[in-house]
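Proteins come first, then strands; the chains are lettered A, B, ... in the order of their sequence lines, and each starts at number 1.
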There are 2 protein chains.
Amino acid sequence: MNIGNAAEASGLPAKTIRYYEEIGLIRPRRDANGYRAFGRRDVHKLAFLARARALGFSIEECRALIGLYEDEKRASEDVKALTREHLKRIDTRIAELQGLRETLAQLVAACAGDHRPDCPILADLARDSAITDMGEVSR
Amino acid sequence: MNIGNAAEASGLPAKTIRYYEEIGLIRPRRDANGYRAFGRRDVHKLAFLARARALGFSIEECRALIGLYEDEKRASEDVKALTREHLKRIDTRIAELQGLRETLAQLVAACAGDHRPDCPILADLARDSAITDMGEVSR
DNA sequence: CTTGACCTTCCATCTGCTGGAAGGAGCATA
DNA sequence: TATGCTCCTTCCAGCAGATGGAAGGTCAAG
């Protein structure tokens, strides 16, 4: 199976598959003409990667997951721990974004949004809470 | 004010400030020795950028926001529209992450997390829904 | 005069691809 | 056999948004 078919079968773009080979996630064999030759296991692995990436796992996490997947002696404990870590990061990220969302929604609500220049949004961005007045001559 | 003080006053790392100059967000003057010289307005602008970035606006959005901020004839409408767009993107992102979160939480819950190799998480990643069996000989 | 804390520029690196150029391989058709 | 067309190859560049480090200039204190 050439890369085009492997791409179609796995759902990953050919470019991405080449990239995954480059960083050592997969190691397809080569035909005499230099073309990559993907077997069923390769395609399966690519689909595994596609799914893991879609769930937000990083490339390095994917590498670890594939390692665990291929290790018959793995402990599900390890997979769970990795996934829990990832979940925690997502929760953190969601909380951050919800904080931003809150603030932005308030600003949008406060802004008249008309032809006049007065704008609570800009006022908020320009508030100098962060600026320590050093008493310096500004020039 | 040198870059170190400007960094402290604005809350941005010196490296970031240099980068912002490189991409044309700020244009501090230079002293005779080549050192950047930041005035009050520069520092204010940096703090504005820091706040806008912290709210998740992209660099290009920040550029637009600064443009609006410095335009006395701006319409608050434009600021509001920009912010609303940003808010929409954040909502989309939150929704995506919540989808992932849901799936991951289910997987974590389903996994025993013990010394045994059986793992619903790996099973999920390896499900071949995405793989079309092309009926091909795999090599 | 030396030390140390600054400052400068330039180049490389990170994540995870993606786009494009230049050229080879394979197959169908004229 | 020549031509076309699609696929494949490698290599290089670029996206966002910084960040790290090397090599070297500047400045004030002791």
Side-chain angles (χ1 to χ4, degrees), chain A residues 1-38 42-43 45-46 48-66 85-86 89-90 93 96-97 100 134 136, chain B residues 1-38 42-43 46 48-66 86 89-90 93 96-97 100 134 136:
Chain A
M1 201 190 255
N2 284 346
I3 200 169
N5 293 323
E8 208 185 341
S10 68
L12 288 171
K15 276 278 188 190
T16 301
I17 296 177
R18 290 196 193 95
Y19 173 67
Y20 285 175
E21 183 186 19
E22 190 186 320
I23 62 174
L25 281 181
I26 48 162
R27 229 174 252 284
R29 158 188 94 76
R30 298 288 180 136
D31 280 339
N33 57 12
Y35 287 18
R36 288 168 185 84
F38 296 84
D42 294 314
V43 172
K45 212 156 153 181
L46 287 171
F48 182 104
L49 287 167
R51 171 88 178 130
R53 291 290 298 134
L55 284 177
F57 286 101
S58 74
I59 290 288
E60 287 318 306
E61 284 166 337
C62 288
R63 205 187 291 278
L65 284 169
I66 291 223
E85 271 308 295
H86 178 41
R89 276 207 330 270
I90 287 188
R93 186 74 187 124
E96 283 170 11
L97 288 176
L100 297 190
M134 324 287 274
E136 196 199 340
Chain B
M1 200 190 255
N2 284 347
I3 200 169
N5 293 323
E8 207 184 345
S10 67
L12 288 172
K15 276 276 186 190
T16 301
I17 296 176
R18 290 196 193 95
Y19 172 66
Y20 285 174
E21 183 188 20
E22 191 187 318
I23 62 173
L25 281 181
I26 50 161
R27 229 172 251 286
R29 233 173 29 88
R30 297 288 181 133
D31 281 339
N33 57 12
Y35 286 18
R36 288 168 185 83
F38 296 83
D42 293 314
V43 172
L46 287 172
F48 182 104
L49 287 168
R51 171 86 178 132
R53 290 290 296 133
L55 284 176
F57 287 102
S58 73
I59 291 287
E60 287 318 306
E61 284 167 337
C62 288
R63 205 187 291 278
L65 284 170
I66 290 223
H86 178 41
R89 275 208 329 272
I90 287 187
R93 186 76 186 122
E96 283 169 11
L97 288 176
L100 298 189
M134 324 286 274
E136 197 195 341

So which nucleotide from D/dG20, D/dG17, D/dC8 ends up closest to the side chain of B/K15?
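For the B/K15 side chain, the nearest candidate turns out to be D/dG20.
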
Taking atom [atom2] of [N] as reference, at what distance in whole Å does atom [atom1] of [X] sit?
{"X": "B/R89", "N": "D/dA16", "atom1": "CZ", "atom2": "P", "value": "13 Å"}
{"X": "B/I17", "N": "D/dT19", "atom1": "CD1", "atom2": "C1'", "value": "14 Å"}
{"X": "B/I59", "N": "D/dT19", "atom1": "CD1", "atom2": "C1'", "value": "14 Å"}

Is the closest side-chain heavy-atom distance between [X] and [Y] below 4.5 Å?
{"X": "B/L25", "Y": "B/I66", "result": "no"}
{"X": "B/T16", "Y": "B/L49", "result": "no"}
{"X": "A/N2", "Y": "A/D31", "result": "yes"}

So which heavy atom on [X] is nearest to which on [Y], and how close?
{"X": "A/L65", "Y": "A/A52", "value": "CD1-CB, 4.4 Å"}
{"X": "B/A50", "Y": "B/S10", "value": "CB-O, 3.9 Å"}
{"X": "A/I90", "Y": "B/L97", "value": "CG2-O, 3.8 Å"}

Salt-bridge test for A/E96 and A/R93: reply yes if a basic N is under 4.0 Å from a carboxylate O, no otherwise.
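Yes, this pair counts.
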
Between B/R18 and B/E21, is there a side-chain N and carboxylate O pair less than 4.0 Å apart?
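Judged by the 4.0 Å cut-off on N to carboxylate O distance, B/R18 and B/E21 do not form a salt bridge.
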
First and last nucleotide of DNA chain C in contact with chain B, 5' to 3', at under 4.0 Å to a heavy atom: what are they?
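First and last nucleotides in contact are C/dC6 to C/dC10.
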
Enumerate the residues from residues 18-28 of chain B whose closest heavy atom to DNA chain D is under 4.0 Å, giving them by residue number; use none for an empty result.
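Correct list: B/Y19, B/Y20.
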
With A/Y20, the side chain to side chain contact (heavy atoms under 4.5 Å, CB included) member among A/K45, A/R27, A/R53:
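That would be A/R53.
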
Spacing of CG belonging to B/L12 relative to CZ belonging to B/R51, to within rounding of 0.5 Å
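Nearest 0.5 Å value for the CG-CZ distance: 13.0 Å.
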
Return whichever of A/E60 or B/G4 has its heavy-atom-nearest nucleotide of DNA chain C closer to the 5' end.
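The 5'-side residue here is B/G4.
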
List every contact pair, protein side and nucleotides 26-28 of chain D side both N or O, where the distance is under 3.5 Å.
| from | atom 1 | to | atom 2 | distance (Å) |
| --- | --- | --- | --- | --- |
| D/dT26 | O4' | B/Y35 | OH | 3.2 |
| D/dC27 | OP1 | B/N33 | ND2 | 2.9 |

Backbone N or O of A/E61 within a donor-acceptor pair of the A/H86 side chain at under 3.5 Å?
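Answer holds: no.
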
